[in-house]
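Heads up: the structure comes next, in structure tokens.
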Amino acid sequence: MTREDLDSALRQAVILGTLAVLLVPAARGSSDWLGWLPLWLVGMPLAAWWSLRGFPLPAVAVRLPRRRRVQATRRSVRRVSQATALARRA
């Protein structure tokens with residue numbers, strides 16, 4: 001099986017699983033053997049397809065600013081300065 005064949009099979013599995021979850025009410029439930037069926041019908045084929053394609057990030061995720069690092073740096077600097085101020089008082 002070539003990479004293109006596997007890509008096509010996973011694409012069809014995602015489409016068929018999504019249609020099953022949307023159109024068949026029993027596919028939205030859970031099974032004693034498998035657990036939550038939408039995970040196995042949609043989630044797992046989708047994760048396998050995403051991994052086959054090399055885990056590409058959406059364009060929106062690439063354009064988002066990285067603000068957490070700046071805030072984390074400010075908080076850690078503030079904590080260090082508070083700790084030194086408390087140490088000086090004692």
Side-chain angles (χ1 to χ4, degrees):
M1 182 175 255
T2 64
R3 189 176 183 92
E4 290 80 21
D5 294 338
L6 187 58
D7 186 61
S8 176
L10 286 171
R11 184 182 319 121
Q12 290 174 358
V14 169
I15 291 169
L16 290 175
T18 304
L19 285 175
V21 169
L22 290 175
L23 299 176
V24 180
R28 296 180 207 137
S30 64
S31 168
D32 291 335
W33 289 0
L34 294 175
W36 193 49
L37 291 177
L39 173 72
W40 295 105
L41 293 173
V42 179
M44 291 300 169
L46 194 59
W49 191 29
W50 185 46
S51 70
L52 180 70
R53 293 184 164 259
F55 301 106
L57 290 176
V60 174
V62 175
R63 289 185 302 212
L64 289 177
R66 297 189 179 218
R67 296 181 183 171
R68 289 186 177 186
R69 292 182 180 172
V70 175
Q71 291 174 356
T73 305
R74 276 192 238 142
R75 286 182 184 168
S76 65
V77 169
R78 191 178 310 150
R79 286 181 188 158
V80 169
S81 63
Q82 288 175 353
T84 56
L86 289 175
R88 288 180 188 165
R89 289 181 191 167

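Position 1 is the first residue of the sequence, and the numbers go up from there. None of the values given here were measured: they were computed from a predicted structure.
Going from atom CG of Leu16 over to atom CG of Leu19 covers 6.5 Å, rounded to the nearest 0.5 Å. Note that the CZ atom of Arg53 and the CZ atom of Arg11 stand 6.5 Å from one another [nearest 0.5 Å].
A donor-acceptor contact under 3.5 angstrom links the side chains of Thr2 and Asp5, judged on distance only.
For residues 13-24, there are no salt bridge (charged side-chain N to carboxylate O under 4.0 Å, His left out) pairs, not counting sequence neighbours. A salt bridge (charged side-chain N to carboxylate O under 4.0 Å, His left out) check over residues 38-48, counting only residues at least two apart or in different chains, returns nothing.
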Only distances under 3.5 Å count here; give the side-chain donor-acceptor pairs of residues 37-50 to other protein atoms, sequence neighbours excluded, each with its distance to 0.1 Å.
| unit_1 | atom_1 | unit_2 | atom_2 | d |
| --- | --- | --- | --- | --- |
| Trp40 | NE1 | Leu34 | O | 2.8 |
| Trp49 | NE1 | Asp7 | OD1 | 2.6 |
| Trp50 | NE1 | Pro56 | O | 3.0 |

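Although no hydrogens or angles enter the test, the distance criterion places a donor-acceptor pair under 3.5 Å between the side chain of Thr18 and the main chain of Val14.
Between Trp36 and Gly29 the shortest heavy-atom distance is CD1-O, 3.6 Å.
Under the salt bridge (Lys or Arg N to Asp or Glu O under 4.0 Å) criterion, Arg28 pairs with no residue at all, not counting sequence neighbours. Every residue was checked against the side-chain hydrogen bond (donor to acceptor under 3.5 Å, both in side chains) condition with Ser51, not counting sequence neighbours, and none meets it. By the side-chain contact (heavy atoms from CB on, under 4.5 Å) test, Leu6 pairs with Met1, Leu10, Leu52, sequence neighbours left out. With sequence neighbours left out, the side-chain hydrogen bond (donor to acceptor under 3.5 Å, both in side chains) criterion links Asp32 to no other residue.
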